[in-house]
Enquirer: 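Next up is a structure, given as C-alpha cells.
The model shown is predicted, which means the values in this text are computed figures rather than measured ones.
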Amino acid sequence: MIKEKVSANQFFLLLYLSLLSTVFMYLSSSHIKIAQTDTLLRPLIFVVVSLVVSVPTFFVLKKHTQLKANRQFIPETKFLKCVACVYAVVYFFSILKTVARFDLFASSELFPNSDMTVFLVLLIVACAVLSFLGLGALSRAAGIFTFLVCASTVFVMLSLSNEVDLLNFTPVFKNGFNNFLKDGLIFAVQATEIGTIIMFLPDIKGDTKKTYIRWIILSALSFSVIFFFVIGSLGAFADTQLFPTYTAVSLASFGLIERIDALETAIWILCIVEKIAFYFLICIKALRYAFKGVSKRITAILTIFSVSAVITLVSYNIENFGFLSEDLLTVVLFLLSAVILPAVVYFYIRRVKPSDKIQESI
C-alpha cells in the first residue's frame, strides 16, 4: 500500500464521490416517500446531523494537531487494536451494503432476471486490488471522476428541464413535521463516510475542519438539486420506482441522443468502484493494524473471500438483501463509525501517555 499524504481537498473529493453514489442508487421504500417537496429539505437535516456527530472527530483532530506539533504519537495498545477491529467490521458491512445495493440495481434495472454473481465477485476482486494503490491514488482518481460525474449530471439535469412540472411539488410538510424529521434522519445516517476521517488524519494535509464543512454543504446542495429534477420530472410516479433517480435519468434526451442514461450509469459505476475500493482500503488498513503478523495480501484475500461469500448468498436469493437494507443496521453502522468510536478514541488518547516513537495510525 503506497503511503503518501493527500490534501484535505483531495480526501473530501473522495468522500464526496462516495456519498454521491448513495444518492444515485437511492433506494425507494414503502415507509419513506421521495415524491414530496420535503425531500428537497432533507439535506438540511443531513447538514445539522453531520455537524453534530462530527464533534468527537473535531476533538480528536485538535488533539492530533497538538501531538503532531510536539512530535508525539499515541503508542499501539491492545485497546486500539480492538477499536481497529470494530472499524474493520463496520466498513466490512458497508462494503456488503454497497455491493448488495448495486446487485439489486443491476439485476432489476440494467440486466433484469440475470444472475450477477460472477460479475459481482469480479467487481469485489477488482476493487480490492485497486485499494492496494493507496489513499493517494484513490484521492487523485476521485478528483478526475468528480469532474466527470458533475459534468455528466449537470448535462442530464439540463436535459430533464423540459420534463419538470412544478405541479409535481407537494406542499411542505404534507405528511407532518415528525415524518419529515424521521425521513430526514434516515437519509442523513447513510453517510458512513464521516467515520473515515479519523482513520486518515495523519495522511491528510491542510485544514481538515474547514474542508469538512465545505464538503457537507456541497453535498447537501448536490442532493437537493438532484432530487429537484427527480421529483419535478416523475412526481408521484417516483414512489412506485425502486430506483427513482435512475428512472428520472432514463427520461433524459438531448437532440438525437436518446440514451443518456447509459452514459450516466457508466459514470455512476465509477463512483461505486471508488467507494468500494475506499472501504476495502479501510478494512485492510484496520485489520493490519490489529494483526501485525498477517501480511497485506493475506488480509485482502480473506476480506475478498468473506465479502464474496456473503454477497453470493444474497445474490442467489433477493430476499436475503433485507438484512443488509434494514434501517437499524444503517443507524448502528453510522453511530459506531461517526460518533461512538471517535468519542472512545478521544477519551482514550486524553488518558494515555504519548510516545516519541512513530506509530502507525488506525
Enquirer: Can Leu185 be reached from Leu328 by stepping across I, L, V, M, F, W or Y side chains whose heavy atoms are under 4.5 Å apart?
Expert: yes

Enquirer: Could you walk me through whether Leu336 and Tyr87 pass the side chain to side chain contact (heavy atoms under 4.5 Å, CB included) check?
Expert: CA-CA 8 Å; Leu336 275 173; Tyr87 267 113; over 6 Å; no

Enquirer: Closest heavy-atom contact between Pro342 and Val60?
Expert: O-CG2, 3.5 Å

Enquirer: Provide the closest heavy-atom pair for Ala84 versus Ala290 in the form atom of the first, atom of the second, distance.
Expert: CB-CB, 4.3 Å

Enquirer: Going by the rule ring pair (Phe, Tyr, Trp, His ring centres under 6.0 Å), which residues pair with Phe305 if we only count those two or more places apart in sequence or in a different chain?
Expert: none

Enquirer: Closer than 3.5 angstrom, by distance alone: can the side chain of Ser152 be matched with the main-chain N or O of Val149 as a donor-acceptor pair?
Expert: yes

Enquirer: Ring-plane angle category for Phe46 and Phe223, please: parallel below 30°, perpendicular beyond 60°, tilted otherwise.
Expert: perpendicular

Enquirer: Less than 4.5 Å apart, any side-chain heavy atom of Ile231 and any of Thr37?
Expert: no

Enquirer: So how far is it from His64 NE2 to Ile204 CD1, rounded to the nearest 0.5 Å?
Expert: 9.0 Å

Enquirer: If you look only at pairs with a residue in residues 186-198, which of them pass as a side chain to side chain donor-acceptor pair (under 3.5 Å), with sequence neighbours excluded?
Expert: Ser18-Glu193, Thr192-Tyr279, Glu193-Lys275, Glu193-Tyr279

Enquirer: Restricting to non-hydrogen atoms, name the atom on Ser233 and the atom on Ala248 that form the minimum distance, rounded to 0.1 Å.
Expert: OG-CB, 3.7 Å

Enquirer: Residues in side chain to side chain contact (heavy atoms under 4.5 Å, CB included) with Lys209, at least two apart?
Expert: Phe58, Leu61, Asp207

Enquirer: For Phe105 and Thr265: C-alpha separation, side-chain torsions, deciding distance, then whether side chain to side chain contact (heavy atoms under 4.5 Å, CB included) applies.
Expert: CA-CA 11 Å; Phe105 172 69; Thr265 302; 4.1 Å; yes

Enquirer: Does any non-hydrogen side-chain atom of Ile276 lie less than 4.5 Å from one of Ile124?
Expert: no

Enquirer: Less than 4.5 Å apart, side chain to side chain, heavy atoms only: is that true for Pro56 and Phe347?
Expert: no

Enquirer: Kindly write out the residues that satisfy side chain to side chain contact (heavy atoms under 4.5 Å, CB included) with Val331, not counting sequence neighbours, or none if the list is empty.
Expert: Val189, Leu335

Enquirer: Are Val121 and Ile301 grouped together when hydrophobic residues (ILVMFWY) are joined by side-chain heavy atoms under 4.5 angstrom apart?
Expert: no

Enquirer: Starting at CG of Leu40, measure out to OG of Ser224 and round the result to the nearest 0.5 Å.
Expert: 6.0 Å

Enquirer: Would you say the side chains of Thr211 and Arg214 form a donor-acceptor pair under 3.5 Å?
Expert: yes

Enquirer: Determine whether more than 12 heavy atoms belonging to other residues, nucleotides or ligands lie under 6.0 Å from atom CZ of Phe79.
Expert: yes

Enquirer: Determine the minimum heavy-atom distance between Leu130 and Ala277, stating which atoms define it.
Expert: CB-CB, 4.1 Å

Enquirer: Hey, could you give me the CZ/CG distance between Phe180 and Leu41, rounded to the nearest 0.5 Å?
Expert: 5.0 Å

Enquirer: Treat each ILVMFWY residue as a node, draw an edge where side-chain heavy atoms are under 4.5 Å apart, and state whether Val48 and Ile45 are in one component.
Expert: no

Enquirer: If I compare all heavy atoms of Ile95 with all of Cys283, which pair ends up nearest, and what's the gap?
Expert: CD1-SG, 4.0 Å

Enquirer: In the hydrophobic cluster built from side-chain contacts under 4.5 Å, what are the other members alongside Leu167?
Expert: none

Enquirer: Before we go on, tell me: are the rings of Tyr246 and Phe24 under 6.0 Å apart, centre to centre?
Expert: no

Enquirer: Output the distance between atom CG (Leu234) and atom CG (Asp165), rounded to the nearest 0.5 Å.
Expert: 11.5 Å

Enquirer: Determine yes or no for a side-chain-to-main-chain donor-acceptor pair under 3.5 angstrom, with Thr247 supplying the side chain and Phe243 the backbone.
Expert: yes

Enquirer: With a 4.5 Å cut-off on side-chain heavy atoms, are Leu104 and Val314 touching?
Expert: no

Enquirer: By side chain to side chain contact (heavy atoms under 4.5 Å, CB included), which residues pair with Thr146, not counting sequence neighbours?
Expert: Leu13, Tyr16, Leu17, Cys150

Enquirer: May I ask you to decide if Val172's main-chain N or O and Asp38's side chain share a donor-acceptor pair within less than 3.5 Å?
Expert: no

Enquirer: So, using ring pair (Phe, Tyr, Trp, His ring centres under 6.0 Å) as the criterion, who are the partners of Phe278 when residues are at least two apart?
Expert: Phe200

Enquirer: Any side-chain donor paired with an acceptor under 3.5 Å for Gln10 and Ser139?
Expert: no

Enquirer: Report the C-alpha distance between Phe228 and Phe169 in whole Å, list the side-chain angles of each, state the deciding distance to 0.1 Å, and finish with yes or no for ring pair (Phe, Tyr, Trp, His ring centres under 6.0 Å).
Expert: CA-CA 9 Å; Phe228 172 82; Phe169 294 94; 5.1 Å; yes

Enquirer: Are Tyr91 and Phe280 close enough that their ring centres sit under 6.0 Å apart?
Expert: no

Enquirer: Under 6.0 Å from the ring centre and within 45 degrees of the ring axis: does the NZ or CZ of Lys63 meet both conditions for the six-membered ring of Tyr346?
Expert: no

Enquirer: Would Val90 and Ile282 count as a side chain to side chain contact (heavy atoms under 4.5 Å, CB included) here? Give the steps.
Expert: CA-CA 10 Å; Val90 167; Ile282 296 171; over 6 Å; no

Enquirer: Test of understanding: with side-chain hydrogen bond (donor to acceptor under 3.5 Å, both in side chains), list the residues that count as partners of Thr299, not counting sequence neighbours.
Expert: none

Enquirer: Contact between Thr245 and Trp268 at the side-chain level, heavy atoms closer than 4.5 Å - yes or no?
Expert: yes

Enquirer: To the nearest 0.5 Å, how far apart are CG in Leu333 and CZ in Phe93?
Expert: 7.5 Å

Enquirer: Is the backbone N or O of Ile272 less than 3.5 Å from a side-chain atom of Ser21, with the two atoms forming a donor-acceptor pair by type?
Expert: no

Enquirer: Any idea which heavy atoms bring Val86 and Leu341 closest together, and the distance?
Expert: CG1-CD1, 3.8 Å

Enquirer: For residues 121-137, which residue pairs qualify under salt bridge (Lys or Arg N to Asp or Glu O under 4.0 Å), counting only residues two or more places apart or in two chains?
Expert: none

Enquirer: Output all residues satisfying side chain to side chain contact (heavy atoms under 4.5 Å, CB included) with Val55, sequence neighbours left out; order by chain, then residue number.
Expert: Phe59

Enquirer: Would you say that Thr208 contacts Phe12 through its side chain, given a criterion of any heavy-atom pair below 4.5 Å between the two side chains?
Expert: yes

Enquirer: Check whether any side-chain heavy atom of Thr330 sits under 4.5 Å from a side-chain heavy atom of Lys97, and report yes or no.
Expert: yes

Enquirer: Which distance, rounded to the nearest 0.5 Å, do you find between the CD1 of Ile269 and the CG of Leu123?
Expert: 8.5 Å

Enquirer: Is there side-chain contact between Phe132 and Lys296, with at least one heavy-atom pair below 4.5 Å?
Expert: yes

Enquirer: Can Leu19 be reached from Val154 by stepping across I, L, V, M, F, W or Y side chains whose heavy atoms are under 4.5 Å apart?
Expert: no

Enquirer: Quick check against the 3.5 Å criterion: does Ser54 have a side-chain atom that pairs as donor or acceptor with the backbone of Thr57?
Expert: no

Enquirer: Given a cutoff of under 4.5 Å between side-chain heavy atoms of I, L, V, M, F, W and Y, with clusters grown through shared members, what are the other residues clustered with Phe291?
Expert: Leu287, Val294, Ile298, Leu302

Enquirer: Val129 and Leu122: same hydrophobic cluster, using ILVMFWY side-chain contacts below 4.5 Å?
Expert: no

Enquirer: Taking only residues two or more places apart in sequence, or in another chain, which ones meet Phe145 in a ring pair (Phe, Tyr, Trp, His ring centres under 6.0 Å)?
Expert: none

